[in-house]
Amino acid sequence: MDVKAHRLEGRVAVVTGGASGIGLATVRRLAAEGAHVVIGDLDPDAGKQAADQVGGLFVSTDVTDAAAVENLFKQAFDTYGSVDIAFNNAGISPPDDASILDTGLEAWRKVQEVNLTSVYLCCKAAIPYMQRQNKGSIINTASFVAVMGAATSQISYSASKGGVLAMSRELGVEFARQGIRVNALCPGPVNTPLLTELFAKDPERAQRRLVHVPMGRFGEPDEIAAAVAFLASDDSSFITANTFLVDGGISGAYVTPI
Ligand SMILES: NC(=O)c1ccc[n+]([C@@H]2O[C@H](COP(=O)([O-])OP(=O)(O)OC[C@H]3O[C@@H](n4cnc5c(N)ncnc54)[C@H](O)[C@@H]3O)[C@@H](O)[C@H]2O)c1
């Protein structure tokens with residue numbers, strides 16, 4: 001990757017969900033800016049491959065498991081000597097999470113565990129390491145659906161992302177004077193493999209969403225990764241407790257260009 005900035009030289013970054021999509025693009029970007037990257041993911045093959053590509057570390061992790069999450073951050077600290085950046089990004093968006101009328105309790109709980117409880121566990125594990133050095137940047141992946149409603153509902157997903165947004169804001173405020181910044185990253189719809197496949201099969205479904213994006217396209221994982229690198233770096237030193245929207249203008253739009 002041709003990255004001119006080297007803002008993260010020697011920093012240690014933990015990335016959950018780093019084996020695919022936004023997480024994978026971010027692993028590459030953070031490494032290109034000089035960070036040691038530690039990937040926590042369920043997928044051992046893709047996770048290990050990604051870590052190998054950037055000379056980083058893969059730790060097999062289910063982010064819903066408290067002991068596994070503690071182990072992930074401990075491994076990062078024991079291997080590289082600090083935890084400077086936590087990108088808590090692993091998340092799911094399963095098809096059985098839809099309208100509230102059709103979504104069962106089990107489907108609801110699964111999404112809450114993976115998308116919201118995991119962020120609680122990761123922040124709880126990361127903050128004590130950051131307190132030791134009075135410095136750290138935590139970026140939690142929420143979504144634009146944390147600030148907007150959709151008639152194409154995924155009720156537990158949206159509620160979980162709203163939770164991530166509120167939790168990040170609160171942590172950002174609580175730990176601001178200890179040098180720890182916490183921000184919620186809110187991507188708009190991004191061209192990850194899942195989305196591309198879904199919309200290739202169903203162009204009408206894609207169009208129903210695209211019409212709301214002022215830029216007229218979905219985001220690319222590299223564009224989200226660039227925002228994470230900014231939030232991770234000292235370039236964003238006065239930004240905390242923030243709702244950081246990277247959404248092609250969706251959340252600001254009423255009538256979009258033809
Ligand atoms: N793609 C989008 O359009 C979009 C938009 C807004 C927000 N987001 C959010 O961005 C994040 C990343 O999304 P993506 O599109 O890159 O997804 P993706 O499916 O490409 O990658 C998610 C990664 O998380 C891992 N993962 C899933 N469950 C896990 C668990 N229990 N423990 C550890 N790892 C687990 C997967 O193995 C995978 O590597 C998610 O939180 C998602 O909700 C995505």
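Whatever order the structure lists them in is the order used to number ligands and atoms, beginning at 1.
- Summarising the geometry of Asp234 relative to Arg11, their closest heavy-atom pair is OD2-NH2, 2.9 Å, with the distance given to 0.1 Å.
- Ion pair Arg109/Glu113 not flagged as a salt bridge, since none of the NZ, NE, NH1 or NH2 atoms sits closer than 4.0 Å to an Asp/Glu carboxylate oxygen.
- The side chain of Thr192, and not its backbone, has at least one atom closer than 4.0 Å to an atom of ligand 1 (non-hydrogen atoms only; side chain from C-beta on).
- Nearest protein neighbour of atom 40 (C) of ligand 1, counting heavy atoms only, is Asn89 O, 3.2 Å.
- Distances between N or O atoms of Thr141 and those of ligand 1 include no value under 3.5 Å.
- Scanning Ala50, Pro187, Gly17, Gly219 for the heavy atom closest to atom 6 (C) of ligand 1 points to Pro187.
- Between atom 22 (C) of ligand 1 and the options Gly47, Gly91, Cys186, Ser93, the minimum heavy-atom separation is to Gly91.
- Looking at Arg181, its side chain does come within 3.5 Å of a backbone N or O of Leu231 through a donor-acceptor pair.
- Nearest non-hydrogen protein atom to atom 39 (O) of ligand 1 is Asp41 OD2, 2.7 Å.
- Under the 6.0 Å distance and 45° angle rule, Arg209 does not count as a cation-pi partner of Phe199.
- When the options Ser20, Gly18, Pro44 are ranked by their closest heavy atom to atom 18 (P) of ligand 1, first place goes to Ser20.
- Ranking the protein heavy atoms by distance from atom 3 (O) of ligand 1 puts Val190 N, 2.7 Å first.
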